[in-house]
Amino acid sequence: MKRYHVTTFGCQMNAHDSERIKGMLESIGLGEAAIPEDADVLVFNTCTIREKPDTRLAAYLGDAGARKRLDPDVVIAVGGCFAEAQRQRIFDLYPFVDVAFGPGSIPHLAEWVGAGGVGVTRGKFGTHEHFAGHLPVHRERRFQAWVQVSMGCNSKCAYCIVPAVRGREQSRRPADIVAEVTNLAADGVSEITLLGQNVNSWGRDLAPDIQTEFGELLRACDAVPGIERIRFTSPHPKDFRPPVISAIAECDSVCEQVHLPLQSGSARILKAMRRTYTPERYLALVDRLRDTIPDLALGTDIIVGFPGESEHDFEQTLDLVEQVRFDSAFTFIYSPRAGTEAAVMPDQVPEEAKHARLERLVEVVQRIAAERNAERIGTVEEVLVEGTSRTDSALVRGRTRRNTMVNFSGTADTGDLVDVLIESATSTTLRGRATSLVAV
Ligand code: SAH
Ligand code: SF4
Ligand code: F3S
């Protein structure tokens with residue numbers, strides 16, 4: 001049997017696309033190889049959100065090219081967002097690549113790679129055509145699953161390459177989503193994460209007879225028996241309407257956790273970024289969320305060094321972080337992407353200044369996250385078990401409803417829901433001991 005290996009870069013959407021890529025390759029009779037060296041078909045599912053993933057990919061593809069020189073029959077396929085950004089150019093950059101495909105053409109993969117890895121259509125690039133939602137899927141986790149609700153993004157954030165590589169927003173039909181969730185529940189899945197680039201604008205582009213909105217989708221998924229936990233990512237602050245907030249508050253299985261990308265605390269920079277909200281509106285939304293959803297965990301994304309960002313703008317970001325007190329935050333140095341509006345803006349911030357700002361921001365973010373986690377000490381949290389601890393095999397690892405990683409003593413199997421008394425905390429993890437198995 002011929003075997004494949006998929007290397008995945010980027011976000012959860014890409015991780016889920018890789019499950020579809022694997023499902024497609026298995027549907028034509030390939031098996032999975034544990035390491036790339038044992039594979040006949042090497043797939044790279046790429047990301048191009050910042051320069052760093054591009055650089056990492058170049059190193060991986062260097063190795064793949066060396067392998068191809070030794071073994072010309074090996075098939076090299078490059079998919080994902082970098083492939084979509086480069087299109088046909090990828091064959092000039094990396095002449096040993098056989099197949100390149102954008103996120104919209106995963107359905108063609110079987111045809112292009114060919115049955116058993118033979119009959120490869122060389123030098124072929126495919127672009128957006130299909131929604132991958134119906135494809136076979138090789139799930140990585142037994143009790144947790146991603147569910148794609150939309151593809152693409154209609155926003156025009158000045159720094160972002162995603163609309164260029166993932167296309168216009170297209171919502172998946174509600175009946176198809178609920179059918180997938182029902183099948184997952186029947187298969188033993190208890191936690192789902194609904195995925196969309198702009199997940200809470202889902203539904204607006206649907207045909208008038210099935211038009212609905214994201215809050216209704218949360219309620220429909222909540223009604224599926226067997227689903228204990230529902231998460232979603234990423235919502236855009238501009239689309240967080242009251243029905244979504246009340247659905248989170250009222251649906252038992254929707255977790256008390258929202259990842260709400262802020263990007264900047266400066267009104268001027270938010271405007272230049274085309275985020276379409278002000279710091280005041282963001283803060284008002286946070287207040288509304290916290291007033292309606294008790295014990296809410298808030299995460300965010302922040303960019304430092306957007307073109308024109310002054311020391312004063314950056315300090316406004318620090319102030320906003322202090323005011324909101326996020327439970328977690330992903331922090332990024334602005335990275336110019338060719339073809340985006342911001343890449344050609346004047347006043348690009350020098351590298352040293354960007355790095356210095358990131359360091360200052362990370363310090364504040366980590367201090368607050370550690371304080372927020374320390375507030376959990378003494379509480380009992382429901383934990384969904386994911387396996388054994390990565391650092392201590394005597395401990396069990398899982399996540400709370402608020403999406404914090406917990407390592408705890410006790411015995412439990414993957415997929416169990418366990419009550420854990422929290423005894424200590426760091427900025428990223430909690431530590432505790434099991435008090436009981438929660439009946440499900
Ligand atoms: N669709 C999602 C996520 C987009 S990418 C959303 O809008 O929430 C994830 C994060 O990467 C963004 O929230 C942003 O903080 C960051 N990002 C996107 N483009 C970037 C760039 N050019 N440079 C640095 N960070 C960027
Ligand atoms: Fe990019 Fe903005 Fe769309 Fe998110 S909402 S994917 S940051 S353009
Ligand atoms: Fe995700 Fe990277 Fe594409 S963040 S949408 S894989 S550019």
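For the single chain, residues carry numbers from 1 onward in sequence order. Every value quoted in this text rests on a predicted model; they were computed, and no experiment measured them. Note that ligands are numbered from 1 as they come in the structure, with each ligand's atoms numbered from 1 the same way.
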Does [X] approach ligand 2 within less than 4.0 angstrom via side chain, backbone, both or neither, non-hydrogen atoms only?
X      : result
Cys153 : side chain
Val162 : side chain
Pro163 : side chain

Take atom CZ in Arg290; do more than 12 heavy atoms of anything else shown fall under 6.0 Å from it? yes

Should we count CZ of Arg367 as having more than 12 external heavy atoms under 6.0 Å? yes

Return the residue, atom name and 0.1 Å-rounded distance of the protein heavy atom closest to [atom].
atom                    : value
atom 1 (Fe) of ligand 2 : Cys160 SG, 2.3 Å
atom 7 (S) of ligand 2  : Tyr159 OH, 3.4 Å
atom 4 (Fe) of ligand 2 : Gln197 O, 4.3 Å

Would you tell me whether [X] and [Y] have side-chain atoms, one donor and one acceptor, within less than 3.5 Å of each other?
X      : Y      : result
Glu111 : His108 : yes
Asn403 : His259 : no
Glu341 : Tyr159 : no
Gln148 : Glu180 : no
Ser253 : Asp222 : yes
Arg231 : Gln257 : yes
Glu309 : Tyr334 : no
Arg337 : Thr48  : yes

Does the plane of the ring in Trp202 sit parallel, tilted or perpendicular to the ring in Phe214? Use 30° and 60° as the thresholds. perpendicular

Go through ligand 2 atom by atom and flag the ones less than 4.0 Å from a non-hydrogen atom of Cys157. 2 (Fe), 5 (S), 7 (S), 8 (S)

Counting each atom of ligand 2 from 1 as listed, which ones have a heavy atom of His236 under 4.0 Å away? 5 (S)

Does ligand 3 have an atom that lies less than 4.0 angstrom from a heavy atom of Thr48? yes

Hey, which residues fall under 4.0 Å of ligand 1 on heavy atoms? Ile49, Arg50, Tyr159, Gln197, Ser234, Pro261, Gln263, Asp301, Ile303, Phe332, Ile333, Tyr334, Ser335, Arg337

For atom 5 (S) of ligand 3, state which one of Glu84, Arg337, Gln197 supplies the nearest heavy atom. Gln197

When you measure from the heavy atoms of Arg166 to every atom of ligand 2, does any distance fall below 4.0 Å? no

May I ask you to say whether [X] pairs ionically with [Y], meaning some side-chain N is under 4.0 Å from a carboxylate O?
X      : Y      : answer
Glu19  : Lys22  : no
Asp295 : Arg376 : yes
Glu371 : Arg325 : yes

Please say which of Ile106, Val78, Asp17 ends up in a side-chain contact (heavy atoms from CB on, under 4.5 Å) with Asn45. Asp17

Distance below 2.8 Å from atom 1 (Fe) of ligand 3: protein N/O/S atoms: Cys11 SG

